[in-house]
Amino acid sequence: MPYDPDHPPAKKFKPGSVFFRLDKQKPGMLLPGKAKATTPIDVQRKQLPIYQARAQLLSQLRQLHNAILIGETGSGKTTQIPQYLYEAGIGRQGLVAITQPRRVAAISLAGRVAEEKGTQLGKLVGYTVRFEDVTSPETKLKFMTDGMLLREAIGDPLLLRYTVVVLDEAHERTVHTDVLFGVVKTAQRRRKELGKIPLKVIVMSATMDVDLFSEYFNKSPVLYLEGRQHPIQIYYTKQAQSDYLQAALVTVFQIHQEAPPSHDILVFMTGQEEIEALARTCRDIAKHLPDNCGPMVVVPLYASLPPMQQLRVFQAAPKGCRKVILATNIAETSVTISGIKYVIDTGMVKAKRFNPDSGLEVLAVQRVSKAQAWQRAGRAGREDSGICYRLYTEQEFDHLIPMTVPEIQRCNLASVMLQLMALGIQDVMNFDFMSKPSPDAIRSAVEHLELLGAVERNNGQVLLTALGKKMSSFPLEPRYAKTILLSPNYACSEEILSIVSLLSVDSVLYNPPARREEVLAVRKKFMSSEGDHMTLLGIYRAFKKVSGNKEWCRENFVNSRNMGLVKDVQSQLREICFKLNLKLESCGADTGKVRQCLAHGMFINAAELQPDGSYLALDTHQSVAIHPSSVLFQAKPAYVVFNELLHTSRCYMRDLCLVDADWLLDAAPEYFGRKLRPTKS
DNA sequence: TTATTCCGG
């Protein structure tokens, strides 16, 4: 194993954080070798590791109905397999779908493959993601998000347009991929029973979970692909660290003192606040370093950062200056930065868990899984050998869980269950998941849908109602879909469409912590005493009035990209409303109508002010508090509905709307029964 | 007394 003796950064480490060297490698840690731009494309394709296996792969894939394909990034599997299939005439009677967990991946892969085939994107090779369909009747190779294929399945559960479905990045185990596993398996079986053209399913993954995948898909064969790899040196701390932030700080400057300045550092941390704080400390210290130390540029990276600032991670630091990137797990998969030589892994991540009993989502810092730790390490040296410092001991590493718990076991299942029923799955309670969610989680999701009127029970069977069928046609959380469907009754569908769109994208409000006072001052003019929904609606209207002026957005701390998305979502929802013959109208100044509609649609998320000034969630009888980001934070309304409950430092309601107790009672008289106090109005 | 990991339709 090559080891560069020129900079052994572990040696001079401060007491308490001494690393030792370890020659342990992730089995098959592979990295892409960039082909030279001048090399003709067909030559480039033949240089990929997978090319050696082409003939063998094709003879296998021709026969098999299911295959698990294991190979790391750089093997070329995602771009080549679809082309090999096409070139060999496999599945020519229909389309080949290749799914990706992320939009950008689907789009850029389609672009790359179209280029390799020398065709215009959207002809032979196309892609489909939300808001964008770049395909035509000629399209045979279709890249798409997994969520998009799932949407299509609602209209065509047997996926009859497709002869091959390739589920890529399966190891990420997104909810959508996990549901698709069951959908394609069912489609495969049903097509066989009905004598239709068979459906081939190819699951592609980066190591891990191999047995689970194979077992699930009828003991399907596993094909291994070699890739290119650069060695990554792993260091562990000698002793457990009580303060991973302090350890990260020390490690950054340890490397900074010893490594050539062109070697960039990527630090994995848990969240915005932590990142901004460490960034400040690093910059302060960097100012007072001895002369033999070069300068340092510190770049934060997290999802809520405005796009312009996110781009800074791709800019090379000036010559002689080191780039240090402080990132959340966004840098594990979504953002790939070249030139990283060092990774520092705090071993921690912020993640959401869901408690079906309380209906509570808990957002908490926790340890990463082994798979995640390897993923982070792999970000060092994508072009060359790299080094990864783990701020924990090897013993601690050994005790990490092997795999991140699949999202399907950590989330609210209401929309998943609704989708399964819309797909015509008979027995949703016993759906064939690869990793089953807890029966409690499934039961609580079905109960939620029952309260919304989306499903009803008949002889122990759970059936989709006509309302539920309509709800499933919206790409929304069931309660939002329900609220839209109720809105014509309150003559405020235009307002509700805007509000639901605003709530279903990432926050349109930009809150840089450093400019807190300014933000508060600017927000004041939009604050509505009726709550956050009406406040957001007001901001959206103001945004439209200035036609999305960027300058206006900056002055008002509004995230213009997310605002743009709101418009896209709204027009998509509007189209669905047209198809459902829903009356679209505005209630004008009568905003009470909007709140009444929200109360009706969101009655499950209601809370009541208690005599001691705290709030009680009426559904679960949890004690909850108003989130400080709410415009109602200082107010004490008697009744509110809220969008979500999130447990961070306390159990907070986020995005609140002031409502009357009567409205809640009207919405669900039997549900509330005596839950409510005598009304005041 | 006061705070939002990350995707996706």
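So you know, we letter chains A, B, ... as the sequences are listed, proteins then strands, and number each from 1.
- Regarding Met144(A), its CE atom lies at a distance of 14 Å from the P atom of dG8(B), rounded to whole Å.
- Residue pairs meeting the salt bridge (charged side-chain N to carboxylate O under 4.0 Å, His left out) criterion with at least one partner in residues 622-638 of chain A, sequence neighbours excluded, are absent.
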Please report, to 0.1 Å, the donor-acceptor pairs under 3.5 Å made by any side chain of residues 640-651 of chain A, with sequence neighbours excluded.
residue   : atom : partner   : partner atom : Å
Glu644(A) : OE2  : Arg654(A) : NE           : 3.2
Glu644(A) : OE2  : Arg654(A) : NH2          : 2.7

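- Note: CG (Leu423(A)) to P (dG9(B)) measures 16 Å, nearest angstrom.
- Applying the side chain to side chain contact (heavy atoms under 4.5 Å, CB included) test to Ala635(A) and every residue at least two apart in sequence or in another chain returns Leu632(A), Pro637(A).
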Indicate for each nucleotide in nucleotides 2-7 of chain B, in 5' to 3' sequence, whether protein heavy atoms under 4.0 Å reach the base (B), only the sugar-phosphate (S), or nothing (-). BBBBSS

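- Rounded to a whole Å, the NE2 atom of His176(A) is 10 Å from the P atom of dG8(B).
- Residue contacts for Leu476(A): at a heavy-atom cut-off of 4.0 Å it reaches a base atom on one of the strands shown.
- If you check the side chains of Glu274(A) and Tyr244(A), you find a donor sitting under 3.5 Å from an acceptor.
- For the pair Glu575(A) CD and dG9(B) C1', the interatomic distance rounds to 14 Å; values are reported in whole Å.
- A search for side chain to side chain contact (heavy atoms under 4.5 Å, CB included) contacts involving Arg561(A) returns Pro307(A), Asn559(A), not counting sequence neighbours.
- Residue Thr174(A) is classed as having no contact, given no heavy-atom separation below 4.0 Å to the nucleic acid.
- One atom, NZ of Lys636(A), and another, P of dT1(B), lie 14 Å apart when rounded to the nearest Å.
- Here Glu132(A) pairs with Arg103(A), Ile107(A), Tyr127(A), Val129(A), Val134(A) under the side chain to side chain contact (heavy atoms under 4.5 Å, CB included) rule; sequence neighbours left out.
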